[in-house]
Asks: 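Sharing a structure, written as structure tokens. Questions coming.
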Amino acid sequence: MNPFSYSRVADPGEAVHTLAGKPQGKFLGGGTNLIDLMKMGVETPNELVDINRLPLTQIEELPDKGVRIGALARNSDVAEHELIKTRYPVLSLALLSGASPQLRNMATVGGNLLQRTRCYYFYDPAFPACNKRKPGSGCGALDGYNRIHAILGQSDQCIATHPSDMCVALAALDAVVRVRGPKGEREISFGNFHRLPGNTPERDTNLAPDELIVSVDLPAISFAARSHYLKVRDRASYAFALVSVAAALDLDSNKVKAARVALGGVAHKPWRAHKVETEINGKSADENTFRAAAEAELAAAKGYKYNSFKIELAKRAIVCALSTVAAMA
Ligand code: SF4
């Protein structure tokens, strides 16, 4: 591990001031991903600012009936909170499908947003070709073992996937990320928070290095109570998604009035399935409708030597998740 300085701060303003203009510094929350990456030499910050004592653990109702989740709320606390379980079950299910109970007790919402890909080549500094870890070095996964990699939105620079389950649910729910930096506070819509790789795969998000995530706001969506998270993975627990689907439906009798759908495990960022939502709007909530919509969403998908199975898997997962939601009382 490289040498680094460590300090602990007590309020958000002090945290932002401490890392202002220091792109090599990092905020330390639960540390469940960052510390692993530091031990392996993938992340090499020269300064860690421990934010665990900041008053950012609240989960509270907003005046418009939305919910604000503090950036330091632990994943377990969010998953088990009554407001989340009753109004946004898709988020509770997504959180409970991720990691292990011990990790969920440590991991924070802000840290979950900033998880880095689990691409094997990214995690091995001895491997020379990884544009995300070392810009300009190439991409080992393109012609390597790419079973867990992206089928949508990828570039010839990087085909990594985003690992978070929580973020797939937040994408479907149109969450808003509130951040604080040296110039003040701003809000980032969830669709603009994470990035596709393009020519800059080293950048996962549009967050500046010295900006602190303070909360995630969930808008009031009455039909989000009718929602589900489906995760398909190699083993029943403690595994990342090969494909996942977050889905919510507003039904009038058996007709779709509105839908929210997002996919995980298929792209560099949580993939909002806008084509599915548009295709099923106004139609019968049945398997034929869902399958046609899944075909439309995956029409542009591209597989590689070891991950082409994900294209059909994603289509089936979309049908399965939407059918599950449609069958809810
Ligand atoms: Fe690196 Fe991305 Fe290629 Fe993986 S897919 S080796 S993270 S550039």
Asks: Going by atom type alone, with no hydrogens or angles, which donor-acceptor pairs under 3.5 Å involve a side-chain atom of residues 319-329 and a protein atom two or more places apart or on another chain?
Replies:
from	atom 1	to	atom 2	distance (Å)
Ser323	OG	Val319	O	2.7
Thr324	OG1	Cys320	O	2.8

Asks: Using salt bridge (charged side-chain N to carboxylate O under 4.0 Å, His left out) as the criterion, list what pairs up with Arg178, not counting sequence neighbours.
Replies: Glu185
Asks: Is any side-chain heavy atom of Lys255 closer than 4.5 Å to a side-chain heavy atom of Ser284?
Replies: yes
Asks: Can you establish whether the number of heavy atoms outside Glu60 located under 6.0 Å from its atom CD is more than 12?
Replies: yes
Asks: Take atom NZ in Lys22; do more than 12 heavy atoms of anything else shown fall under 6.0 Å from it?
Replies: yes
Asks: So which pairs with a foot in residues 49-94 pass ring pair (Phe, Tyr, Trp, His ring centres under 6.0 Å), sequence neighbours left out?
Replies: none
Asks: Could you go through Asn112 and Gln115, starting from their C-alpha distance and side-chain angles, then the distance that decides it, and tell me whether this counts as side-chain hydrogen bond (donor to acceptor under 3.5 Å, both in side chains)?
Replies: CA-CA 5 Å; Asn112 198 326; Gln115 278 196 76; 3.0 Å; yes
Asks: More than 12 heavy atoms of other residues, nucleotides or ligands under 6.0 Å from CZ of Arg53: yes or no?
Replies: no
Asks: Please answer: with hydrophobic residues joined when any side-chain heavy atoms are less than 4.5 Å apart, are Leu93 and Val90 in the same cluster?
Replies: yes
Asks: Considering residues at least two apart in sequence or located in another chain, which fulfil the salt bridge (charged side-chain N to carboxylate O under 4.0 Å, His left out) criterion with Glu295?
Replies: Arg291, Lys315
Asks: Rest of the hydrophobic cluster containing Tyr123 (Ile/Leu/Val/Met/Phe/Trp/Tyr, side-chain heavy atoms under 4.5 Å)?
Replies: Leu37, Met40, Val42, Phe122
Asks: At their closest point, which heavy atom of Pro209 faces which heavy atom of Pro23, and how far apart are they?
Replies: CB-CA, 3.9 Å
Asks: I'd like to know if the side chain of Asp286 pairs up with that of Asn288 as donor and acceptor (distance under 3.5 Å, no hydrogens or angles considered).
Replies: no
Asks: Please report, to 0.1 Å, the donor-acceptor pairs under 3.5 Å made by any side chain of residues 142-156, with sequence neighbours excluded.
Replies:
from	atom 1	to	atom 2	distance (Å)
Asn146	OD1	Tyr306	N	2.9
Asn146	ND2	Ala141	O	3.0
Asn146	ND2	Leu142	O	3.3
Asn146	ND2	Gly144	O	3.4
Arg147	NH1	Asp234	OD1	3.3
Arg147	NH1	Asp234	OD2	2.7
Arg147	NH2	Asp234	OD1	3.0
Gln154	OE1	Leu152	N	3.4
Gln154	NE2	Ala150	O	3.4
Gln154	NE2	Lys302	O	3.1
Gln154	NE2	Tyr304	OH	3.4
Ser155	OG	Gln157	N	3.0
Ser155	OG	Cys158	N	3.4
Ser155	OG	Gly198	O	2.8

Asks: Within the side chain of Ser5, is there an N or O that forms a donor-acceptor pair under 3.5 Å with the backbone of Glu47?
Replies: no
Asks: Please say yes or no: joined through hydrophobic side-chain contacts below 4.5 Å, possibly via intermediate residues, are Met106 and Ile69 part of one cluster?
Replies: no
Asks: Run the salt bridge (Lys or Arg N to Asp or Glu O under 4.0 Å) check on Glu80 and Lys85 step by step: do they pass?
Replies: CA-CA 7 Å; Glu80 299 298 344; Lys85 287 201 294 187; 3.8 Å; yes
Asks: Using a 4.5 Å cut-off between side-chain heavy atoms of Ile, Leu, Val, Met, Phe, Trp and Tyr, which other residues end up in the same hydrophobic cluster as Phe27?
Replies: Val9, Val16, Leu19, Val49, Ile51, Leu54, Leu56, Leu72, Leu212, Val214
Asks: With ring pair (Phe, Tyr, Trp, His ring centres under 6.0 Å) as the rule and sequence neighbours excluded, what pairs involving residues 217-274 come up?
Replies: none
Asks: Mind checking what makes salt bridge (charged side-chain N to carboxylate O under 4.0 Å, His left out) contact with Lys310, not counting sequence neighbours?
Replies: none
Asks: Taking a hydrophobic cluster as the set of Ile, Leu, Val, Met, Phe, Trp and Tyr residues connected by side-chain heavy atoms closer than 4.5 Å, whether directly or through intermediates, do Ile159 and Leu242 fall within one such cluster?
Replies: no
Asks: Counting C-beta onward and ignoring hydrogens, is there a side-chain heavy-atom pair between Leu48 and Leu34 closer than 4.5 Å?
Replies: yes
Asks: Output yes when a side-chain donor or acceptor of Arg235 lies under 3.5 Å from a complementary backbone atom of Ser237, and no otherwise.
Replies: yes
Asks: Are side-chain heavy atoms of Asp204 and Leu114 found at a separation under 4.5 Å?
Replies: no
Asks: Given the rule that I, L, V, M, F, W and Y join up when any side-chain heavy atoms are under 4.5 Å apart, are Leu83 and Leu218 in one cluster?
Replies: yes
Asks: Show me the pairs that pass ring pair (Phe, Tyr, Trp, His ring centres under 6.0 Å) and involve residues 170-207, at least two apart or across chains.
Replies: His162-His194, Phe190-His194
Asks: Could you pull out the closest heavy-atom pair between Ala262 and Val168, with the gap in Å?
Replies: CB-O, 3.4 Å
Asks: Of all residues at least two apart in sequence or in a different chain, which pass the side-chain contact (heavy atoms from CB on, under 4.5 Å) check with Lys275?
Replies: Glu297
Asks: According to salt bridge (charged side-chain N to carboxylate O under 4.0 Å, His left out), who are the partners of Arg316, at least two apart in sequence or on a separate chain?
Replies: Glu312
